[in-house]
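Right, one structure below, let's go through it.
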Amino acid sequence: MTNTPFPMSAPESQSNPAFEAAKSDVQRKTLEQRGQMDELMRLRHSCAHILATAVLRIWPDALLDIGPPTEEGFYYDFELSHRFTPEDFPKIEEEMRKVTKENQVFEKSIKTREEARAYFESKGQKFKVERLGDIPEGEAISFFQNGEFVDLCAGPHVMRTGNVKPGGIKLLKVASAYFRGNEKNPQLQRIYGTAFRNKEELDQWVTLQEEAKKRDHRKIGAEMGLFAFDSEYVGPGLALWLPKGGVLVEELEKLAKETEFQAGYVRVRTPHLAKEKMYTTSGHLPYYAESMFPPMEMLEEEERKMRDRLQERRADLIQLWDGMSHATSANPAGLTVEQLQHDIAKIEAEITFLGGRYYLKAMNCPHHHRIFAAEPRSYRDLPLRMAEYGTCYRYEQSGELFGLMRVRAMNMNDAHLYCTAEQFADEFRAVNDMYLKYFKIFGLDRYQMRFSTHDPARLGQKFVNEPELWRQTEDMVRNVLIESGINYVEVPNEAAFYGPKIDVQVWSAIGREFTIATNQVDFAVPKRFGLTYRDRDNTDKTPLCIHRAPLGTHERFIGFLIEHYAGNFPLWLAPEQVRILTLGDEEPLVTYAKSILQELRSQFVRVEGDFGTNPIKAKIADAEKARVHTMLVIGGRDLEAGAVSVRLHSKGPQGAKPRAEVVADIVASIRERRP
RNA sequence: GCCGGUGUAGCUCAGUGGCAGAGCAGCUGUUUCGUAAACAGCAGGUCGUCGGUUCGAACCCGACCACCGGCUCCA
């Protein structure tokens with residue numbers, strides 16, 4: 001590999017507020033960073049204190065955790081035997097308004113660590129005592145007090161509680177959150193609220209939220225008949241694509257197949273399950289087993305007992321082996337290392353012979369690796385770009401399921417690019433260009449790439465011990481990102497164990513953030529499968545593998561698109577592209593309308609006709625509700641002129657145009673995938 | 001998985017211990033019309049499931065299931 005010089009300085013990450021907020025609990029902001037909190041954030045931060053003040057007045061034994069501002073507003077976490085419900089909100093809000101009217105000063109003070117600890121211990125505020133430990137030695141321990149309420153807090157705040165306008169505050173919901181976000185810690189009750197400078201701005205925001213709710217993909221999906229869930233017969237998290245949603249799936253797949261064909265990909269097809277050995281070899285078992293559906297057991301009773309005995313024996317031998325890894329002498333059982341290895345291999349062969357366990361695949365890579373292994377490979381075959389719309393199954397925890405965005409069966413726009421180290425940068429750049437192409441087609445301007453890198457201190461533990469490959473691939477990835485001017489942040493220590501990765505985050509129109517695509521470098525798993533190609537020098541080498549899924553999964557991507565477009569898809573994607581509406585059902589009008597329908601359909605336009613007796617107003621209302629992209633209204637005037645009257649969904653009538661012109665325009669718009 | 005909430009017709013919802021309801025959608029008629037809803041009739045439900053309390057349960061209690069809001073995890 002040629003060692004091109006790379007910029008040494010870390011790129012300036014273009015920060016995103018949502019992302020920063022999400023990290024805030026993990027990475028402490030410096031005092032300086034906090035000082036830069038803007039006016040609205042300061043206001044919300046103070047509101048969190050006012051909320052805690054009010055809660056303590058009503059429930060004096062509430063234990064406090066933290067109360068930061070967020071992009072949406074603020075929250076405060078409490079531990080309390082009373083369960084908060086929305087019915088408590090008016091009472092709490094009333095008390096908060098009182099606090100603002102008391103116009104208390106937010107007073108800052110500095111305490112020593114011992115004073116602070118003594119103070120919170122005297123109050124029994126155990127979470128606060130723990131939080132004290134987060135503050136690095138040498139950093140000032142500051143407190144803010146308003147009225148009777150004292151909190152460990154770096155600030156900053158507004159000057160007085162009176163700066164918060166009572167009409168600008170609203171409590172939103174009560175939820176739960178683990179202390180420090182760790183599920184092993186106690187669960188606290190979190191009260192979410194929001195605050196604005198005044199009532200008008202708050203009302204505006206509330207209206208916006210109501211609008212956003214209408215864009216929820218679950219709601220629009222049901223309205224438009226795109227998909228359904230049947231948790232009773234099919235199962236939770238298993239989406240059924242209805243005919244209209246099936247159109248979206250087909251169109252996306254067509255787009256991806258065309259794009260990938262032009263980029264030199266080949267397509268493969270693999271089964272939805274594989275034997276246990278696949279996942280012990282790939283390394284996904286046992287670490288990933290919790291996310292996989294439980295295995296299908298194919299053994300008879302007796303065989304299963306035998307397999308269990310063999311597995312026990314194997315575990316014992318492996319334990320012996322581990323115990324003697326540093327010793328040259330024989331173990332207590334009197335076996336040498338060679339004997340042990342031999343015995344283990346023999347048992348594994350017997351277990352494999354028994355077979356018996358199949359797993360639904362949670363990822364496509366192992367199958368693709370076996371396709372790579374199915375034929376001898378030469379360096380001349382590389383790069384080999386193997387694509388598949390593979391269906392994967394992941395047993396997501398029940399609480400994680402969320403409409404189409406989080407499901408248990410998913411179709412991935414997957415591909416694995418096998419290449420040499422020399423080819424890596426070009427391949428990676430091409431993948432990157434593909435992302436940008438898609439962003440353009442879908443008019444995505446709000447996105448961010450998360451570039452996850454390794455921590456050199458944890459090589460051999462969390463990350464495979466290939467320091468040179470890590471360095472090279474990370475440098476190349478970083479370089480491509482900088483060159484392309486893409487909006488990205490670098491996240492240290494979050495790479496996969498087998499290589500650095502990029503996740504593409506997007507924000508749907510209603511502000512939900514999703515990881516839609518992923519792009520991972522893998523220089524470990526091909527080795528585990530013993531994949532090699534014959535190089536120029538006649539030696540066998542292990543290929544690098546790039547795992548990429550620019551459209552992520554159909555499920556999540558379409559869920560995202562529904563919210564992105566609010567169901568108003570561009571013509572090429574629209575499930576029903578054109579509907580022809582006649583004024584009445586009389587001849588020769590209907591014959592004329594049918595001939596237009598036939599012409600469009602012969603050009604593969606998804607067109608329907610509404611030739612019944614309903615009044616035209618009613619037909620239009622139906623079509624608008626169904627979000628039909630283009631309506632062609634046909635009356636006597638159009639028939640005489642050989643014209644059609646065009647109406648576009650949510651854009652209204654566009655006037656009468658010659659039939660041939662309209663047909664040609666529709667066909668061209670679809671072919672060009674106009675936005 | 002954890003915490004909290006919810007579950008009544010295809011959809012949106014009313015019904016808080018005494019006969020299961022409305023609007024929209026659907027079906028059948030009538031209506032023949034120029035850009036967001038013509039009229040009438042009909043049909044539609046084991047009130048999430050199972051158990052308990054009660055003379056009597058959609059309603060009260062319990063368990064389970066599913067969904068919703070979060071946490072954790074993630075494409």
Side-chain angles (χ1 to χ4, degrees), chain A residues 25 75 77 79 83-87 172-192 216 218-219 222-223 225 228-232 235-237 288 290-291 362-364 392 394-408 410-414 501 503-506 514-520 547-557 559-560 581-586 589-590 611-626 631-638 645-656:
Chain A
D25 206 32
Y75 64 85
D77 285 348
E79 188 180 78
R83 294 279 150 206
F84 293 126
T85 68
E87 279 97 74
L172 299 174
K173 54 197 169 194
V174 51
S176 81
Y178 297 104
F179 178 59
R180 291 185 193 283
N182 186 326
E183 61 184 328
K184 293 190 178 64
N185 288 340
Q187 273 194 322
L188 308 174
Q189 299 189 70
R190 174 172 295 178
I191 296 179
Y192 281 95
D216 190 308
R218 291 165 298 189
K219 189 173 165 59
E223 281 168 11
F229 287 94
D230 180 351
S231 49
E232 190 179 357
Y288 206 75
E290 262 188 24
S291 299
M363 64 290 298
N364 299 305
C392 297
R394 295 185 189 171
Y395 194 79
E396 303 290 350
Q397 295 178 29
S398 60
E400 310 303 341
L401 300 177
F402 176 69
L404 283 180
M405 303 297 200
R406 197 73 181 273
V407 293
R408 284 181 174 160
M410 63 211 92
N411 287 280
M412 298 184 77
N413 169 223
D414 214 353
K501 67 170 183 176
D503 293 311
V504 181
Q505 291 175 301
V506 292
F514 289 98
T515 301
I516 212 103
T518 186
N519 186 3
Q520 306 181 356
H547 172 126
R548 42 108 279 173
L551 300 179
T553 66
H554 278 146
E555 285 73 15
R556 184 175 286 182
F557 198 80
F560 168 77
L581 319 172
T582 53
L583 278 94
D585 66 345
E586 289 177 351
L589 203 58
V590 170
F611 305 146
T613 64
N614 273 348
I616 192 67
K617 276 172 181 275
K619 292 185 181 183
I620 285 170
D622 283 346
E624 287 284 355
K625 266 193 304 183
M631 288 150 270
L632 303 181
V633 178
I634 314 276
R637 294 205 296 264
D638 303 289
S645 295
V646 179
R647 181 189 169 102
L648 296 179
H649 169 56
S650 70
K651 292 200 181 83
Q654 310 289 308

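FYI, side chains are in, hydrogens and waters are out, and symmetry mates aren't considered; it's all heavy atoms of this structure.
A:Glu223 meets the salt bridge (Lys or Arg N to Asp or Glu O under 4.0 Å) test with A:Lys219, A:Arg627; sequence neighbours excluded. With sequence neighbours excluded, no residue satisfies ring-ring contact (aromatic ring centres under 6.0 Å, His included) with A:Phe514.
As a whole-Å value, the separation of A:Asp77 CG from B:C71 P is 10 Å. Here B:A25 presents its P atom at 8 Å from CG of A:Asp622, a figure rounded to the nearest Å. Atom CG of A:Leu401 is separated from atom C1' of B:G1 by 11 Å (rounded to the nearest Å). The interatomic distance linking A:Ile191 (CD1) with B:C71 (P) rounds to 15 Å, in whole Å. Put simply, CZ on A:Phe402 is 14 Å from C1' on B:A75, counting in whole angstrom units. When the C1' atom of B:C13 is taken as reference, atom NZ of A:Lys219 falls 12 Å away, rounded to whole Å. In this structure, the CG atom of A:Asn185 is 16 Å from the P atom of B:C71, given to the nearest Å. Taking atom NZ of A:Lys617 as the reference point, atom C1' of B:A36 lies 8 Å away to the nearest angstrom.
Side chain A:Gln187 to base B:C2: a donor-acceptor pair is found below 3.5 Å. Between the base of B:A66 and the side chain of A:Ser231 there is no donor-acceptor pair shorter than 3.5 Å. Judged by atom type and distance alone, A:Glu624 does not reach the base of B:U35 through any side-chain donor-acceptor pair under 3.5 Å. Judged by atom type and distance alone, A:Arg556 reaches the base of B:C74 through a side-chain donor-acceptor pair under 3.5 Å. Side-chain to base pairing of A:Arg190 with B:C71: no donor and acceptor N or O lie closer than 3.5 Å to each other.
Across all strands shown, A:Asn614 has heavy atoms under 4.0 Å from base atoms, whether or not it also approaches the sugar-phosphate. Among the protein residues, A:Tyr192 comes within range of the sugar-phosphate backbone only, with heavy atoms under 4.0 Å from sugar or phosphate atoms but none that close to a base.
Listed nucleotides B:A75, B:G69, B:A38 differ in distance to A:Ala618; the shortest reach to its side chain belongs to B:A38. With B:G1, B:G69, B:A37 as the candidates, the nucleotide lying closest to the side chain of A:Tyr178 is B:G1. The side chain of A:Ala177 has B:C71 as its nearest neighbour among B:A75, B:C71, B:G34. The side chain of A:Glu396 approaches B:C74 more closely than any other nucleotide in the set B:A36, B:C71, B:C74. Of the candidate nucleotides B:A38, B:G34, B:A75, B:G34 has the atom nearest to the side chain of A:Ser645. For A:Pro236, whose side chain is taken as the heavy atoms from C-beta onward, the closest listed nucleotide among B:G70, B:A36, B:A66 is B:A66. Distance from the side chain of A:Ile620 is smallest for B:A36 among the nucleotides B:C71, B:A75, B:A36. Nearest nucleotide to the side chain of A:Asp638, out of B:G34, B:C67, B:G70: B:G34. When distances are taken from the side chain of A:Arg637 to each of B:A38, B:G34, B:G70, the shortest belongs to B:G34. Distances were taken from every side-chain heavy atom of A:Thr518 (C-beta onward) to each of B:U35, B:C67, B:A75; the shortest belongs to B:A75.
Checking side-chain atoms of A:Thr553 against main-chain N and O of A:Arg556 turns up a donor-acceptor pair under 3.5 Å. In this structure, A:Arg408 contributes its side chain and A:Glu396 its backbone to a donor-acceptor pair below 3.5 Å. In terms of modelled atom types and a separation under 3.5 Å, the side chain of A:Arg190 and the main chain of A:Ala175 share no donor-acceptor contact. Listed for the A:Glu555 side chain is no donor-acceptor partner under 3.5 Å among the backbone atoms of A:Val407.
Nucleotide B:A43 is matched to nothing when pairs are restricted to Watson-Crick or G-U wobble geometry with both distances under 3.5 angstrom. The partner of B:G18, taking Watson-Crick or G-U wobble pairs whose two distances both stay under 3.5 Å, is B:C55. Taking a pair to require two hydrogen-bonding distances under 3.5 Å in either a Watson-Crick or a G-U wobble arrangement, B:A66 pairs with B:U6.
Positionally, the nearest nucleotide of RNA chain B for A:Asn182 lies more toward the 5' end than for the other of A:Asn182 and A:Arg394. Of the two residues near RNA chain B, A:Ser291 and A:Ala656, the one whose nearest nucleotide lies more 5' is A:Ala656.
OP1 or OP2 of B:G69 lies within a sub-4.0 Å distance of a side-chain N or O belonging to A:Arg218. A sub-4.0 Å separation between OP1 or OP2 of B:U72 and a side-chain N or O of A:Arg180 is absent. At B:G4, none of the side-chain N or O atoms of A:Ser176 fall inside 4.0 Å of OP1 or OP2 (strictly under the cut-off).
Taking atom C1' on both nucleotides, B:A9 is separated from B:G26 by 11 Å, rounded to a whole Å.
In this structure, a donor-acceptor pair under 3.5 Å is absent between the side chains of A:Thr515 and A:Asp503.
Taking 4.5 Å as the limit, every side-chain heavy atom of A:Arg548 sits out of range of all side-chain heavy atoms of A:Gln520.
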